[in-house]
Amino acid sequence: MSRVPLRRALADLPAYVPGARAPVGAAAFKISSNENPYPPLPSVVAAILDGAEDVNRYPDMFATELVGAIATTLDVAPESVVTGCGSVAVLGHVLTAVCEPGDEVVMAWRSFEAYPIAVTLAGARGVRVPVTPDGRHDLEAMAAAVTERTRVVLVCSPNNPTGPAVHADELTAFLEAVPRDVLVVLDEAYVEFVRDPQAPQGLAVFRDHPNVVLLRTFSKAYGLAGLRVGYAVARPRLAAGIRAASTPFGVSHVAQLAALASLRAQDELLARVERIVGERGRLLDGLRGQGWTVPDSQANFVWLPLGDHATAFAERCSRAGVIVRPFAGDGVRVSVGEPEATDLLLEVAAESDPR
Ligand SMILES: *Cc1c(COP(=O)(O)O)cnc(C)c1O
(Lines give C-alpha, C1' and ligand atoms only; values in the text may rest on other atoms or scores of the structure.)
Protein backbone atom coordinates (compact mmCIF):
# COMPACT_ATOMS: atom_id res chain seq x y z
CA MET A 1 0.00 0.00 0.00
CA SER A 2 1.62 3.25 -1.11
CA ARG A 3 1.68 6.17 1.33
CA VAL A 4 2.07 8.74 -1.39
CA PRO A 5 -0.85 11.13 -1.12
CA LEU A 6 -2.89 11.84 -4.22
CA ARG A 7 -4.32 15.29 -4.91
CA ARG A 8 -7.53 15.82 -2.96
CA ALA A 9 -9.26 16.86 -6.17
CA LEU A 10 -8.98 13.28 -7.46
CA ALA A 11 -11.20 11.96 -4.67
CA ASP A 12 -14.34 13.52 -6.15
CA LEU A 13 -13.34 13.28 -9.77
CA PRO A 14 -16.23 11.79 -11.77
CA ALA A 15 -15.09 8.84 -13.87
CA TYR A 16 -15.29 9.17 -17.64
CA VAL A 17 -17.49 6.27 -18.71
CA PRO A 18 -16.54 5.19 -22.22
CA GLY A 19 -19.28 3.89 -24.50
CA ALA A 20 -19.48 0.11 -24.02
CA ARG A 21 -17.82 -2.09 -26.61
CA ALA A 22 -19.19 -5.33 -28.06
CA PRO A 23 -17.85 -8.37 -26.23
CA VAL A 24 -14.98 -9.97 -28.18
CA GLY A 25 -16.39 -12.20 -30.92
CA ALA A 26 -19.96 -10.94 -30.53
CA ALA A 27 -21.64 -9.17 -33.43
CA ALA A 28 -23.20 -5.93 -32.27
CA PHE A 29 -23.54 -2.39 -33.55
CA LYS A 30 -21.59 0.02 -31.38
CA ILE A 31 -23.62 3.22 -31.31
CA SER A 32 -22.40 4.26 -27.87
CA SER A 33 -19.52 6.68 -28.60
CA ASN A 34 -20.66 9.01 -31.40
CA GLU A 35 -18.11 7.46 -33.71
CA ASN A 36 -18.28 7.64 -37.46
CA PRO A 37 -19.59 4.29 -38.73
CA TYR A 38 -17.56 4.52 -41.96
CA PRO A 39 -14.04 3.05 -42.08
CA PRO A 40 -11.20 5.35 -43.17
CA LEU A 41 -10.96 6.16 -46.88
CA PRO A 42 -8.25 4.31 -48.83
CA SER A 43 -6.33 7.59 -49.22
CA VAL A 44 -6.34 8.04 -45.44
CA VAL A 45 -5.21 4.46 -44.83
CA ALA A 46 -2.39 5.04 -47.34
CA ALA A 47 -1.29 8.14 -45.39
CA ILE A 48 -1.35 6.16 -42.14
CA LEU A 49 0.82 3.40 -43.66
CA ASP A 50 3.16 6.01 -45.07
CA GLY A 51 3.53 7.60 -41.65
CA ALA A 52 4.29 4.22 -40.07
CA GLU A 53 7.71 4.25 -41.77
CA ASP A 54 8.87 7.17 -39.64
CA VAL A 55 7.73 6.31 -36.16
CA ASN A 56 11.28 6.03 -34.84
CA ARG A 57 11.31 9.85 -35.09
CA TYR A 58 9.41 12.34 -32.98
CA PRO A 59 6.61 14.05 -34.87
CA ASP A 60 6.76 17.70 -35.90
CA MET A 61 5.96 19.23 -32.52
CA PHE A 62 4.00 22.12 -34.05
CA ALA A 63 2.26 19.97 -36.69
CA THR A 64 3.25 22.71 -39.10
CA GLU A 65 1.77 21.27 -42.27
CA LEU A 66 -1.49 20.25 -40.61
CA VAL A 67 -1.82 23.60 -38.84
CA GLY A 68 -1.23 25.34 -42.17
CA ALA A 69 -3.87 23.22 -43.89
CA ILE A 70 -6.42 23.83 -41.12
CA ALA A 71 -5.68 27.57 -41.20
CA THR A 72 -6.16 27.67 -44.98
CA THR A 73 -9.37 25.64 -44.77
CA LEU A 74 -10.85 27.94 -42.10
CA ASP A 75 -9.29 31.14 -43.42
CA VAL A 76 -7.59 32.00 -40.12
CA ALA A 77 -3.95 32.73 -39.30
CA PRO A 78 -1.78 29.65 -38.64
CA GLU A 79 -0.77 31.32 -35.34
CA SER A 80 -4.39 30.92 -34.27
CA VAL A 81 -4.45 27.13 -34.58
CA VAL A 82 -3.27 24.79 -31.78
CA THR A 83 -3.50 21.04 -32.31
CA GLY A 84 -3.59 18.40 -29.62
CA CYS A 85 -4.20 14.76 -28.85
CA GLY A 86 -7.97 15.00 -29.37
CA SER A 87 -9.94 18.14 -28.55
CA VAL A 88 -10.48 16.76 -25.04
CA ALA A 89 -6.75 17.19 -24.46
CA VAL A 90 -6.83 20.62 -26.11
CA LEU A 91 -9.61 21.65 -23.72
CA GLY A 92 -7.40 20.58 -20.81
CA HIS A 93 -4.60 22.74 -22.18
CA VAL A 94 -6.96 25.71 -22.63
CA LEU A 95 -8.08 25.43 -19.01
CA THR A 96 -4.54 25.01 -17.66
CA ALA A 97 -3.50 28.04 -19.67
CA VAL A 98 -6.09 30.37 -18.13
CA CYS A 99 -7.34 29.02 -14.80
CA GLU A 100 -5.82 29.82 -11.44
CA PRO A 101 -6.67 27.53 -8.50
CA GLY A 102 -10.28 28.04 -7.43
CA ASP A 103 -11.35 29.93 -10.55
CA GLU A 104 -14.83 29.11 -11.77
CA VAL A 105 -15.75 27.50 -15.06
CA VAL A 106 -19.42 27.78 -16.00
CA MET A 107 -20.92 24.97 -18.07
CA ALA A 108 -24.31 23.66 -19.05
CA TRP A 109 -25.43 20.41 -17.46
CA ARG A 110 -25.97 17.80 -18.62
CA SER A 111 -23.24 18.34 -21.15
CA PHE A 112 -20.04 16.59 -22.21
CA GLU A 113 -18.90 14.34 -19.38
CA ALA A 114 -15.23 15.22 -19.96
CA TYR A 115 -15.86 18.82 -18.84
CA PRO A 116 -16.12 18.37 -15.05
CA ILE A 117 -13.04 16.15 -15.11
CA ALA A 118 -10.96 18.60 -17.16
CA VAL A 119 -12.09 21.53 -15.00
CA THR A 120 -11.25 19.78 -11.72
CA LEU A 121 -7.86 18.62 -13.00
CA ALA A 122 -7.07 22.19 -14.00
CA GLY A 123 -7.63 23.16 -10.35
CA ALA A 124 -10.77 25.12 -11.17
CA ARG A 125 -14.32 24.77 -9.88
CA GLY A 126 -17.15 23.76 -12.20
CA VAL A 127 -20.43 25.68 -11.98
CA ARG A 128 -23.26 23.76 -13.63
CA VAL A 129 -26.27 25.47 -15.15
CA PRO A 130 -29.12 23.07 -16.00
CA VAL A 131 -30.10 22.71 -19.65
CA THR A 132 -33.74 23.45 -20.47
CA PRO A 133 -36.26 20.56 -20.55
CA ASP A 134 -35.68 20.26 -24.30
CA GLY A 135 -31.92 19.84 -23.78
CA ARG A 136 -30.85 23.35 -24.79
CA HIS A 137 -28.23 25.58 -23.19
CA ASP A 138 -29.90 28.23 -21.02
CA LEU A 139 -27.50 30.95 -22.10
CA GLU A 140 -29.29 33.65 -20.10
CA ALA A 141 -28.88 31.65 -16.91
CA MET A 142 -25.29 30.86 -17.85
CA ALA A 143 -24.51 34.57 -18.28
CA ALA A 144 -26.15 35.21 -14.91
CA ALA A 145 -23.93 32.51 -13.33
CA VAL A 146 -20.77 34.43 -14.26
CA THR A 147 -19.10 35.98 -11.19
CA GLU A 148 -15.81 37.78 -10.65
CA ARG A 149 -14.26 34.34 -10.10
CA THR A 150 -15.40 33.06 -13.51
CA ARG A 151 -12.51 32.56 -15.91
CA VAL A 152 -14.15 30.37 -18.58
CA VAL A 153 -17.61 29.47 -19.90
CA LEU A 154 -17.97 26.23 -21.86
CA VAL A 155 -20.60 26.28 -24.59
CA CYS A 156 -21.12 22.90 -26.21
CA SER A 157 -22.93 23.31 -29.51
CA PRO A 158 -24.44 20.95 -30.49
CA ASN A 159 -24.64 19.75 -26.91
CA ASN A 160 -23.40 16.26 -26.12
CA PRO A 161 -25.47 14.30 -25.13
CA THR A 162 -28.78 16.19 -25.54
CA GLY A 163 -28.39 17.25 -29.20
CA PRO A 164 -29.52 20.85 -29.87
CA ALA A 165 -27.21 23.61 -31.11
CA VAL A 166 -27.30 27.09 -29.57
CA HIS A 167 -28.88 29.80 -31.68
CA ALA A 168 -26.97 32.73 -33.15
CA ASP A 169 -29.14 35.45 -31.57
CA GLU A 170 -28.98 33.98 -28.06
CA LEU A 171 -25.22 33.43 -28.37
CA THR A 172 -24.73 37.04 -29.47
CA ALA A 173 -26.77 38.29 -26.50
CA PHE A 174 -24.77 36.00 -24.21
CA LEU A 175 -21.43 37.31 -25.53
CA GLU A 176 -22.66 40.86 -25.01
CA ALA A 177 -23.44 40.04 -21.38
CA VAL A 178 -20.20 38.23 -20.52
CA PRO A 179 -17.18 40.34 -19.48
CA ARG A 180 -14.50 40.61 -22.18
CA ASP A 181 -11.87 39.00 -19.96
CA VAL A 182 -13.87 35.77 -19.55
CA LEU A 183 -12.92 33.10 -22.06
CA VAL A 184 -15.84 31.54 -23.92
CA VAL A 185 -15.01 28.12 -25.33
CA LEU A 186 -17.34 27.15 -28.18
CA ASP A 187 -16.97 23.38 -28.47
CA GLU A 188 -17.91 22.54 -32.04
CA ALA A 189 -17.04 18.84 -32.06
CA TYR A 190 -20.12 18.13 -34.21
CA VAL A 191 -20.24 21.34 -36.28
CA GLU A 192 -20.21 19.47 -39.61
CA PHE A 193 -23.54 17.81 -38.72
CA VAL A 194 -25.39 21.06 -37.95
CA ARG A 195 -28.31 21.87 -40.27
CA ASP A 196 -30.26 24.24 -37.98
CA PRO A 197 -30.43 27.56 -39.90
CA GLN A 198 -30.51 29.43 -36.56
CA ALA A 199 -27.18 27.96 -35.43
CA PRO A 200 -24.25 30.41 -35.32
CA GLN A 201 -21.28 30.39 -37.70
CA GLY A 202 -18.54 29.62 -35.17
CA LEU A 203 -15.80 31.22 -37.25
CA ALA A 204 -17.72 34.48 -37.58
CA VAL A 205 -18.33 34.46 -33.82
CA PHE A 206 -14.61 33.89 -33.31
CA ARG A 207 -13.73 36.80 -35.60
CA ASP A 208 -16.10 39.17 -33.82
CA HIS A 209 -15.12 38.23 -30.26
CA PRO A 210 -11.48 38.13 -29.09
CA ASN A 211 -12.50 36.15 -25.97
CA VAL A 212 -13.95 33.24 -27.99
CA VAL A 213 -12.00 30.06 -28.60
CA LEU A 214 -13.31 27.34 -30.93
CA LEU A 215 -12.66 23.66 -30.31
CA ARG A 216 -12.89 21.25 -33.21
CA THR A 217 -11.94 17.65 -33.82
CA PHE A 218 -11.16 15.08 -36.50
CA SER A 219 -12.82 12.39 -34.35
CA LYS A 220 -16.43 12.67 -35.47
CA ALA A 221 -17.18 13.93 -39.01
CA TYR A 222 -13.69 13.01 -40.22
CA GLY A 223 -13.76 9.54 -38.69
CA LEU A 224 -10.36 9.65 -36.97
CA ALA A 225 -11.44 9.03 -33.36
CA GLY A 226 -8.78 6.35 -32.99
CA LEU A 227 -5.91 8.64 -33.98
CA ARG A 228 -6.66 11.53 -31.59
CA VAL A 229 -6.45 14.87 -33.37
CA GLY A 230 -8.30 17.99 -32.29
CA TYR A 231 -7.52 21.69 -32.30
CA ALA A 232 -8.35 25.07 -30.90
CA VAL A 233 -8.79 28.28 -32.86
CA ALA A 234 -7.85 31.28 -30.72
CA ARG A 235 -6.33 34.76 -30.93
CA PRO A 236 -2.53 34.36 -31.39
CA ARG A 237 -1.71 35.46 -27.81
CA LEU A 238 -4.16 32.96 -26.34
CA ALA A 239 -3.07 30.30 -28.82
CA ALA A 240 0.54 30.77 -27.71
CA GLY A 241 -0.57 30.26 -24.10
CA ILE A 242 -2.48 27.10 -25.00
CA ARG A 243 0.53 25.82 -26.95
CA ALA A 244 2.76 26.49 -23.95
CA ALA A 245 0.43 24.41 -21.75
CA SER A 246 0.29 21.52 -24.25
CA THR A 247 1.90 18.11 -23.99
CA PRO A 248 4.96 18.22 -26.26
CA PHE A 249 4.58 16.06 -29.39
CA GLY A 250 0.92 15.43 -28.49
CA VAL A 251 -0.17 14.61 -32.05
CA SER A 252 1.67 11.67 -33.58
CA HIS A 253 3.19 11.79 -37.05
CA VAL A 254 0.71 9.14 -38.21
CA ALA A 255 -2.20 11.20 -36.88
CA GLN A 256 -0.89 14.39 -38.51
CA LEU A 257 -0.65 12.67 -41.91
CA ALA A 258 -4.10 11.09 -41.53
CA ALA A 259 -5.68 14.43 -40.63
CA LEU A 260 -3.97 16.09 -43.63
CA ALA A 261 -5.23 13.34 -45.94
CA SER A 262 -8.71 13.79 -44.46
CA LEU A 263 -8.69 17.50 -45.21
CA ARG A 264 -7.70 16.67 -48.79
CA ALA A 265 -10.62 14.21 -48.96
CA GLN A 266 -13.00 16.70 -47.34
CA ASP A 267 -15.63 16.48 -50.09
CA GLU A 268 -15.88 12.71 -49.83
CA LEU A 269 -15.99 12.82 -46.03
CA LEU A 270 -18.63 15.55 -45.97
CA ALA A 271 -20.75 13.44 -48.34
CA ARG A 272 -20.65 10.73 -45.67
CA VAL A 273 -21.69 13.32 -43.09
CA GLU A 274 -24.66 14.14 -45.31
CA ARG A 275 -25.68 10.46 -45.26
CA ILE A 276 -25.37 10.37 -41.46
CA VAL A 277 -27.54 13.50 -41.25
CA GLY A 278 -30.14 11.72 -43.39
CA GLU A 279 -29.99 8.69 -41.13
CA ARG A 280 -30.37 10.98 -38.10
CA GLY A 281 -33.62 12.25 -39.63
CA ARG A 282 -34.86 8.70 -40.12
CA LEU A 283 -34.02 7.83 -36.50
CA LEU A 284 -35.68 10.98 -35.11
CA ASP A 285 -38.79 10.58 -37.29
CA GLY A 286 -39.06 6.89 -36.41
CA LEU A 287 -38.85 7.56 -32.67
CA ARG A 288 -41.26 10.50 -32.74
CA GLY A 289 -43.63 8.49 -34.91
CA GLN A 290 -43.70 5.90 -32.12
CA GLY A 291 -44.66 8.61 -29.65
CA TRP A 292 -41.26 9.27 -28.08
CA THR A 293 -40.26 12.74 -26.94
CA VAL A 294 -36.85 13.39 -28.44
CA PRO A 295 -35.07 16.76 -28.36
CA ASP A 296 -33.78 18.25 -31.62
CA SER A 297 -30.42 16.85 -32.67
CA GLN A 298 -27.85 18.73 -34.71
CA ALA A 299 -25.15 16.12 -34.06
CA ASN A 300 -24.58 12.45 -34.90
CA PHE A 301 -26.60 11.17 -31.95
CA VAL A 302 -30.04 11.50 -30.42
CA TRP A 303 -31.03 11.73 -26.77
CA LEU A 304 -33.81 9.77 -25.14
CA PRO A 305 -34.70 11.44 -21.82
CA LEU A 306 -35.71 8.19 -20.12
CA GLY A 307 -34.97 9.12 -16.52
CA ASP A 308 -34.95 6.04 -14.31
CA HIS A 309 -35.63 3.78 -17.29
CA ALA A 310 -32.34 4.61 -19.01
CA THR A 311 -30.32 1.63 -17.82
CA ALA A 312 -33.07 -0.91 -18.51
CA PHE A 313 -33.58 0.45 -22.02
CA ALA A 314 -29.84 0.22 -22.74
CA GLU A 315 -29.87 -3.39 -21.56
CA ARG A 316 -32.75 -4.22 -23.91
CA CYS A 317 -30.76 -2.62 -26.74
CA SER A 318 -27.69 -4.75 -25.92
CA ARG A 319 -29.76 -7.92 -26.02
CA ALA A 320 -31.01 -6.87 -29.47
CA GLY A 321 -27.43 -6.30 -30.71
CA VAL A 322 -27.11 -2.52 -30.43
CA ILE A 323 -24.87 -0.99 -27.82
CA VAL A 324 -26.01 2.48 -26.71
CA ARG A 325 -24.81 4.83 -23.99
CA PRO A 326 -26.99 5.07 -20.88
CA PHE A 327 -26.58 7.90 -18.37
CA ALA A 328 -28.14 6.26 -15.34
CA GLY A 329 -31.21 8.07 -14.04
CA ASP A 330 -31.15 10.59 -16.86
CA GLY A 331 -31.29 9.28 -20.41
CA VAL A 332 -29.80 7.25 -23.22
CA ARG A 333 -27.64 8.61 -26.01
CA VAL A 334 -27.90 6.77 -29.30
CA SER A 335 -25.27 7.49 -31.95
CA VAL A 336 -26.32 7.56 -35.58
CA GLY A 337 -24.51 4.65 -37.19
CA GLU A 338 -25.26 2.00 -39.76
CA PRO A 339 -28.84 1.88 -41.13
CA GLU A 340 -29.12 -1.64 -39.67
CA ALA A 341 -28.36 -0.19 -36.24
CA THR A 342 -31.14 2.38 -36.69
CA ASP A 343 -33.54 -0.44 -37.65
CA LEU A 344 -32.65 -2.47 -34.58
CA LEU A 345 -32.89 0.53 -32.29
CA LEU A 346 -36.32 1.41 -33.67
CA GLU A 347 -37.44 -2.18 -33.12
CA VAL A 348 -36.40 -2.09 -29.47
CA ALA A 349 -38.00 1.36 -29.06
CA ALA A 350 -41.25 0.12 -30.61
CA GLU A 351 -41.46 -2.63 -27.99
CA SER A 352 -40.71 -0.23 -25.15
CA ASP A 353 -42.96 2.22 -23.39
CA PRO A 354 -42.68 5.68 -24.97
CA ARG A 355 -42.27 8.42 -22.40
C1 LIG B 1 -16.37 13.82 -28.99
C2 LIG B 1 -16.31 15.17 -28.40
C3 LIG B 1 -15.12 15.91 -28.42
C4 LIG B 1 -13.92 15.44 -29.15
O5 LIG B 1 -13.17 14.51 -28.57
P6 LIG B 1 -11.74 14.15 -29.15
O7 LIG B 1 -10.89 14.21 -27.94
O8 LIG B 1 -11.34 15.16 -30.17
O9 LIG B 1 -11.91 12.79 -29.70
C10 LIG B 1 -15.11 17.17 -27.88
N11 LIG B 1 -16.21 17.70 -27.36
C12 LIG B 1 -17.37 17.04 -27.35
C13 LIG B 1 -18.57 17.70 -26.81
C14 LIG B 1 -17.45 15.75 -27.85
O15 LIG B 1 -18.60 15.09 -27.81
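Order of appearance sets the numbers: ligands from 1, and atoms from 1 within every ligand. Remember, predicted model here, so these are calculated numbers, not experimental data. Any value given below was found using the heavy atoms of this structure, including those in side chains, with hydrogens, waters and symmetry copies removed.
In summary, the atoms of ligand 1 found under 4.0 Å from a heavy atom of Asn160, numbered by their order in the structure, are 13 (C), 14 (C), 15 (O). Atoms of ligand 1 found under 4.0 Å from any heavy atom of Ala189 (numbered from 1 in listed order, with element): 2 (C), 3 (C), 10 (C), 11 (N), 12 (C), 14 (C). Close contacts between ligand 1 and Cys156 involve ligand atoms 13 (C) [criterion: under 4.0 Å to a heavy atom].
Closest heavy-atom approach to atom 11 (N) of ligand 1 among the candidates Leu215, Val90, Asp187: Asp187. For atom 4 (C) of ligand 1, the choice among Ser87, Ala225, Cys85 with the nearest heavy atom turns out to be Ser87.
Of the protein's non-hydrogen atoms, the one nearest atom 7 (O) of ligand 1 is Arg228 NH2, 2.7 Å. Counting protein heavy atoms only, atom 14 (C) of ligand 1 is closest to Lys220 NZ, 3.2 Å. In terms of protein heavy-atom proximity, atom 9 (O) of ligand 1 is closest to Ser219 OG, 2.6 Å.
Taking 4.0 Å as the cut-off, Asn34 does not count as a neighbour of ligand 1 on heavy-atom distance. Under a 4.0 Å heavy-atom criterion, Tyr190 is in contact with ligand 1. Contact annotation: Gly230 has no heavy atom less than 4.0 Å from any atom of ligand 1.
A salt bridge between Arg282 and Asp343 is present, with a side-chain N of the basic residue lying under 4.0 Å from a carboxylate O of the acidic one.
Rounding to the nearest 0.5 angstrom, the gap separating the CG atom in Asn159 from the CZ atom in Phe301 is 7.0 Å.
A donor atom on one side chain and an acceptor atom on the other are found under 3.5 Å apart for Thr147 and Glu104. Remark: the Asn34 side chain and the Arg333 side chain contain an N/O donor-acceptor pair separated by less than 3.5 Å. No side-chain donor from either of Arg264 and Ser43 sits under 3.5 Å from a side-chain acceptor of the other.
Without hydrogens or angle criteria, Glu65 side chain to Leu260 main chain gives no donor-acceptor distance under 3.5 Å.
Ring pair Phe112/Tyr115 is perpendicular by interplanar angle, where above 60° counts as perpendicular and below 30° as parallel.
Tested against Tyr231 for a side-chain contact (heavy atoms from CB on, under 4.5 Å), the candidates Leu214, Leu215, Thr217, Ile70 yield a single pass: Ile70.
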